[in-house]
Amino acid sequence: MGALKSLISFYTIFHMNITQEDMDAMESRFYLTPLVGLVFGLMLLAETAVLCWLSREYGFGNGLVTAVLVLLTVYAGSKFLHFDGLTDFGDGMIVSGQQSDHIRALKDTLVGAGGIGVALITVLCSVAFYSMFGNDPVILLAIPAVEVFVKHAMVVAASIGEPGNGMASRQVGLTTGRSALLSFVVSLVALIILMAIGALLAHSIFSLDYDFIIGVAIIILAVGFVISTLMGVVMARTANRVFGMVNGDILGATNEVTRPFLVFFINLAITLAIATAVI
């Protein structure tokens with residue numbers, strides 16, 4: 001519970017009174033991070049249910065509005081913590097020179113063209129790919145699940161990354177391959193909870209058939225775990241090569257960069273499955 005309190009207090013706007021013992025528990029149990037995704041997922045589940053209902057009953061809103069509100073929720077809800085890591089990552093990656101130059105740009109408090117560019121492209125891709133869902137009730141299953149998957153990607157990145165000397169050094173150093181496996185289990189539990197609630201709402205309010213819902217859920221789980229794991233590996237190996245480490249900025253960037261990839265491939269997989277009558 002101490003680790004969970006620290007994770008929620010550190011990664012969300014919900015402040016809790018935590019001790020150093022709680023922080024130590026968080027650093028040694030980083031595999032619980034997908035539970036933060038569960039918190040965001042529950043918020044987004046309520047939000048998307050309302051938006052879908054308003055769209056169906058009154059024609060209010062569209063996919064673009066939903067995409068912007070979803071991103072506003074996760075950005076503001078995380079205090080823009082991961083977004084800050086994304087801009088730092090962009091600056092560190094774009095700068096030319098030796099490894100020390102990349103690290104200096106990564107840790108610079110000023111945001112340069114690289115940070116702005118990477119952040120802009122990431123946000124635009126996220127908005128565009130979320131918008132492709134429209135206000136189809138399948139977002140009740142897909143959008144909340146994405147927030148669990150991006151947290152799993154962070155754990156995978158930490159399990160592969162070399163620890164640096166910043167705030168997240170102990171998290172990265174103590175997160176192992178076993179932690180990534182435990183993260184998978186924690187993520188699966190969180191996803192089952194979200195999808196069970198989402199399925200109930202999609203069936204009772206929007207009359208989606210349970211067979212269709214189960215098919216969509218299986219696709220989301222399969223694609224989500226593959227993409228989030230691959231992105232965690234790619235981000236960690238890239239950071240190890242360029243910066244010689246994975247720090248808090250890299251973990252935050254992993255969270256943000258993974259999101260548009262997840263939304264795109266989940267959307268693509270569901271679209272292809274429907275087109276080919278798989279579901």
Side-chain angles (χ1 to χ4, degrees), residues 1-46 73-89 106-107 109 144-194 197 228-229 231-232 235-236 239 243 245-256 258-259:
M1 289 303 299
L4 185 57
K5 283 172 54 181
S6 295
L7 284 166
I8 292 175
S9 184
F10 189 73
Y11 287 122
T12 75
I13 58 174
F14 304 113
H15 176 72
M16 295 185 178
N17 293 322
I18 57 175
T19 65
Q20 184 58 48
E21 184 178 352
D22 295 331
M23 289 295 294
D24 292 340
M26 179 187 75
E27 291 171 341
S28 62
R29 295 175 177 85
F30 194 57
Y31 57 81
L32 294 175
T33 302
L35 293 179
V36 178
L38 174 60
V39 173
F40 281 111
L42 290 171
M43 294 166 59
L44 293 177
L45 187 55
T73 300
V74 295
Y75 287 157
S78 62
K79 303 172 290 189
F80 289 89
L81 179 67
H82 303 309
F83 190 81
D84 178 67
L86 177 65
T87 58
D88 289 340
F89 171 75
L106 176 72
K107 295 186 175 182
T109 56
V146 167
E147 295 309 310
V148 175
F149 287 127
V150 295
K151 296 299 184 289
H152 175 64
M154 289 174 60
V155 179
V156 173
S159 71
I160 297 174
E162 296 293 332
N165 54 5
M167 288 182 59
S169 59
R170 290 198 71 229
Q171 292 176 8
V172 175
L174 293 173
T175 304
T176 62
R178 179 175 178 272
S179 301
L181 181 59
L182 289 172
S183 173
F184 174 85
V185 175
V186 172
S187 298
L188 186 58
V189 172
L191 288 163
I192 289 173
I193 294 172
L194 287 175
I197 300 173
S228 60
T229 301
M231 289 302 300
M235 290 293 290
F243 306 107
M245 63 175 180
V246 167
N247 66 357
D249 287 329
I250 304 302
L251 295 180
T254 300
N255 184 95
E256 298 305 319
T258 302
R259 184 180 289 111

With a 4.5 Å limit on heavy-atom distance, are the side chains of [X] and [Y] in contact?
X: Val172; Y: Glu162; value: no
X: Leu188; Y: Val185; value: no
X: His82; Y: Met154; value: yes
X: Val146; Y: Arg259; value: yes
X: Phe14; Y: Val39; value: yes
X: Leu81; Y: Phe10; value: yes
X: Tyr11; Y: Lys79; value: no
X: Leu182; Y: Arg178; value: yes

Give the minimum heavy-atom separation between [X] and [Y], together with the two atoms involved.
X: Ser183; Y: Pro34; result: OG-CG, 3.4 Å
X: Leu194; Y: Pro144; result: CD1-O, 3.7 Å
X: Leu251; Y: Ala168; result: CD1-CB, 4.3 Å
X: Gln171; Y: Phe30; result: OE1-CE1, 3.4 Å
X: Leu32; Y: Ala3; result: CD1-CB, 3.9 Å
X: Asp249; Y: Asp84; result: OD1-OD2, 4.2 Å

So, taking the atom named [atom1] in [X] and the one named [atom2] in [Y], what distance separates them when rounded to the nearest 0.5 Å?
X: Gln20; Y: Met23; atom1: CD; atom2: CE; answer: 6.5 Å
X: Leu86; Y: Phe80; atom1: CG; atom2: CZ; answer: 12.0 Å
X: Thr229; Y: His152; atom1: OG1; atom2: NE2; answer: 3.5 Å
X: Asn165; Y: Asn247; atom1: CG; atom2: CG; answer: 8.5 Å
X: Thr33; Y: Lys151; atom1: OG1; atom2: NZ; answer: 8.5 Å

Step-by-step side-chain contact (heavy atoms from CB on, under 4.5 Å) determination, Met16 to Ile8: CA-CA 8 Å; Met16 295 185 178; Ile8 292 175; 3.9 Å; yes
Any donor-acceptor pair under 3.5 Å from Ser9 side chain to Ser6 backbone: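 It does not hold such a pair.
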Check: Ser78 side chain, Val74 main-chain N or O, donor-acceptor pair, under 3.5 Å: yes
side-chain contact (heavy atoms from CB on, under 4.5 Å) assessment of Phe83 paired with Asn255: CA-CA 9 Å; Phe83 190 81; Asn255 184 95; over 6 Å; no
Evaluation steps, side-chain contact (heavy atoms from CB on, under 4.5 Å), between Leu106 and Ile250: CA-CA 9 Å; Leu106 176 72; Ile250 304 302; 4.3 Å; yes
Chi angles and distances behind the side-chain contact (heavy atoms from CB on, under 4.5 Å) call for Arg170, Asp24: CA-CA 9 Å; Arg170 290 198 71 229; Asp24 292 340; 3.6 Å; yes
